[in-house]
Enquirer: 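Got a structure here, written out as C-alpha cells. Questions coming.
Note that ligands are numbered from 1 as they come in the structure, with each ligand's atoms numbered from 1 the same way. Since this is a predicted model, take the numbers as computed values, not measurements.
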Amino acid sequence: MVTDPLVARMRPFGTTIFAEMSALATRTGAVNLGQGFPDTDGPPEMLEAAVRAIRDGRNQYPPGPGIPELRAAIAAHQRDFWGLEYDPDGEVLVTAGATEAIAAAILAMCEAGDEVVCFEPYYDSYAASIALAGAVRRPVTLRPSDGGYSFDPDELRAAFGPRTRLVLLNSPHNPTGKVFTAEELALIAGLCLEHDAVAVTDEVYEHLVFDGAHVPLAGLPGMRDRTVQISSAGKTFSCTGWKVGWVCGPAALVSAVLRVKQFLTFVNAAPQQPAVAVALGLPRSYFTGFRDSLRDKRDRLCAGLADAGFGVLRPAGTYFVTADITPLGGSDGVEFCRSLPERCGVVAVPTQVFYDDVAAGRRLIRFAFCKRDEVLDEAVARLRKLSAA
Ligand code: PMP
Ligand code: GLN
C-alpha cells in the first residue's frame, strides 16, 4: 500500500464543499439550495442544436482553440454586450468550463512563489489552482457592510508586492453576490498597472447583475492588454454539466493559457460547442429575460429567508444569497449546514470554507436561488421551522 500518495500541496484540500453538500442532500432527501446548478434546462434552441450536432456526427476532437463558429460567437458577444473587440483567431479560446480556464491561466502564468491577489471568500478552485502552481494566494477580505460586502482599499494595496503576478477578480462574485463598483474596479486596475500584474477575471455571472451593470475590468484604460477574461455557458445558459467555458484576451496571454490547456484536456465538448454558439446568438430578450427571472427569484428567497429569521445580505448579482445565522442562534456555519437537513430538510453551503480568515465567514452561509419557485417556497416553508422551534 502506498502511503500518502497525494502531493503535499494538495493535502489541505479535501472533497469540495459542493460535492459534500449535494451528497448530503441526496442522502437525506433535503431541498438542495447548496451547490449552484439550475433545476430547469437552458434555451430549447441550444438543446436542439446539441442533439443535431450529435446526430450530424460532430463527435470527434474539435480544433484546439475551439470550433471557429463558437469562437466567432464569443467574440461577437463580447463586442455586442461589453464593447470589447477580440479576434476570434488567437484572442479567443474555448475551455472545459471556467474551472479549466482558471486553472490553465494560473498554471500558465505563475512561477512557484509568485503571488496571486484575490478576494475572499473565494471560489474554491482558486485556492487549489494556486496551490497546484506552487504560487501563493494573497486574499483580501470582503466584509459585510451596509447590507452588502466591501473591502478595505488599504488592505488591497498592502496585498500587492514585488512577487505579485496575478490578480484574480470574480465580479459578480460568488458566494457573496457582490458586484464590484466602478470605484473599486478603478482601484484594482490602477494597482495592476502600477505592479505590472495580469488580471484574470472570472465573469461567469456577467448576465446576472440585478442592481447596476456589469463592467468588465478589461474595458478600463490600460487593462485590455493585461487581462485574461473568463466566462462559461454553464451559468448563462443553465447547462452547468456541459462544461463549456472560454477565455478572451490579448494573443500572447491567450496562447500561454492554450499551451497549458492542451495538456489538461486537449479539447472538449465537440457537440456542445456549436450549440453554445447558437445560444450566444439568441436575441437580447433571452439574456434580459434570464436576468429578470433570477431577480424575481432573488427577491423571493431573500424575503423568505428574512421571514425565517436569517440576517440577509442581499446580493446585487449571481444566483446566490448569503445569510447570517446569528439571529437564529447559530455561531458556526459548517455545523449549522451539516445539521440543517436533519433539523428542517434543507441544504445550504457554509461560506467559511472559502476564507483564509475563517472567523470572518464563520456565521455566514450561502443559498442558491437558481431553482423553480415552488422549490424555493418549499425550502422557505421548511426553514421557517427553525425560528418556530
Ligand atoms: N467561477 C465561479 C465564480 C463559479 O461560481 C463557477 C461555478 N460554476 C465556476 C467558476 C466554474 O464554472 P464552470 O462550471 O464553467 O467550470
Ligand atoms: N459553481 C457552483 C457553486 O458555486 C458549483 C460548482 C462545483 O460544484 N464545483 O455552487
Enquirer: Quick one: nearest non-hydrogen protein atom to atom 2 (C) of ligand 1, plus distance?
Expert: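 Result for atom 2 (C) of ligand 1: D202 OD2, 3.3 Å.
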
Enquirer: In terms of atom number and element, which parts of ligand 2 are under 4.0 angstrom from non-hydrogen atoms of K235?
Expert: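 Once the distances to K235 are compared, the set is 1 (N), 2 (C).
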
Enquirer: Does F18, backbone or side chain, put an N or O under 3.5 Å from an N or O of ligand 2?
Expert: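 For ligand 2, there is no N or O atom that lies under 3.5 Å from one belonging to F18.
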
Enquirer: Using heavy atoms and a threshold below 4.0 Å, how should the contact between K243 and ligand 1 be classified: side chain, backbone, both, or neither?
Expert: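 The answer is the side chain of K243.
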
Enquirer: Assess whether a salt bridge exists between R165 and E111, defined as any Lys/Arg side-chain N lying under 4.0 Å from an Asp/Glu carboxylate O.
Expert: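 Looking at R165 and E111, the cut-off is not met.
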
Enquirer: Can you find a pair of side-chain heavy atoms, one from L187 and one from L191, that are under 4.5 Å apart?
Expert: yes

Enquirer: Against heavy atoms of Q35, which atoms of ligand 2 measure under 4.0 Å?
Expert: 5 (C), 7 (C), 8 (O), 10 (O)

Enquirer: So, applying ring-ring contact (aromatic ring centres under 6.0 Å, His included) with F119, which one of Y149, F354, F180, Y126 is it?
Expert: F180

Enquirer: How far is atom 12 (O) of ligand 1 from the closest protein heavy atom, and which atom is that?
Expert: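 Scanning the protein heavy atoms, the shortest distance from atom 12 (O) of ligand 1 goes to A98 CB, 3.5 Å.
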
Enquirer: Using a strict threshold of under 4.0 Å (side-chain N to carboxylate O), is an ion pair present between E378 and R382?
Expert: yes

Enquirer: Below a 4.0 angstrom heavy-atom separation, can you tell me which part of S232, side chain or backbone, both or neither, approaches ligand 1?
Expert: side chain

Enquirer: Heavy atoms only, cut-off 4.0 Å: how does F37 contact ligand 2, side chain, backbone, both, or neither?
Expert: neither

Enquirer: Under a 4.0 angstrom heavy-atom cut-off, which atoms of ligand 1 come close to N170?
Expert: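 Near N170, meaning under 4.0 Å from one of its heavy atoms, ligand 1 has 3 (C).
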
Enquirer: Whether K371 engages the ring of F37 as a cation-pi pair (distance to the six-membered ring centre under 6.0 angstrom, angle to the ring normal within 45°) should be assessed.
Expert: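 Output yes; distance and angle both within limits.
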
Enquirer: Hey, does D124 come in under 3.5 Å of ligand 2, counting only N/O atoms on both sides?
Expert: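 No.
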
Enquirer: Hey, is D4 close enough to R11 for a salt bridge, meaning N to O under 4.0 Å?
Expert: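 Salt bridge flag = yes for R11 with D4.
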
Enquirer: Can you tell me how the ring of F81 sits relative to the ring of H207, calling it parallel under 30°, perpendicular over 60° and tilted otherwise?
Expert: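 Because their plane-to-plane angle is over 60°, the rings of F81 and H207 count as perpendicular.
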
Enquirer: Just let me know how M21 lines up against ligand 2, side chain, backbone, both or neither, with a heavy-atom cut-off below 4.0 Å.
Expert: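 Looking at M21 and ligand 2, no heavy atom falls under 4.0 Å.
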
Enquirer: Is it true that E85 and R224 make a salt bridge, defined as a side-chain N closer than 4.0 Å to a carboxylate O?
Expert: no

Enquirer: Could you check atom 9 (N) of ligand 2 against the protein and tell me its nearest heavy-atom contact, residue, atom and distance included?
Expert: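 For atom 9 (N) of ligand 2, the nearest protein heavy atom comes out as Y123 OH, 3.2 Å.
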
Enquirer: Under 4.0 Å from ligand 1, counting heavy atoms only, is it the side chain of T99, its backbone, both or neither?
Expert: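 The part of T99 near ligand 1 is both the backbone and the side chain.
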
Enquirer: Cation-pi between R366 and F320: NZ/CZ under 6.0 Å from ring centre and within 45° of the ring axis?
Expert: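 Yes.
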
Enquirer: Is there a heavy atom in N174 that sits closer than 4.0 Å to ligand 2?
Expert: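 Within the 4.0 Å threshold, so yes.
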
Enquirer: Considering only protein heavy atoms, which is closest to atom 8 (N) of ligand 1, and at what distance to one decimal place?
Expert: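 Heavy-atom neighbour on the protein nearest atom 8 (N) of ligand 1: K235 NZ, 2.3 Å.
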
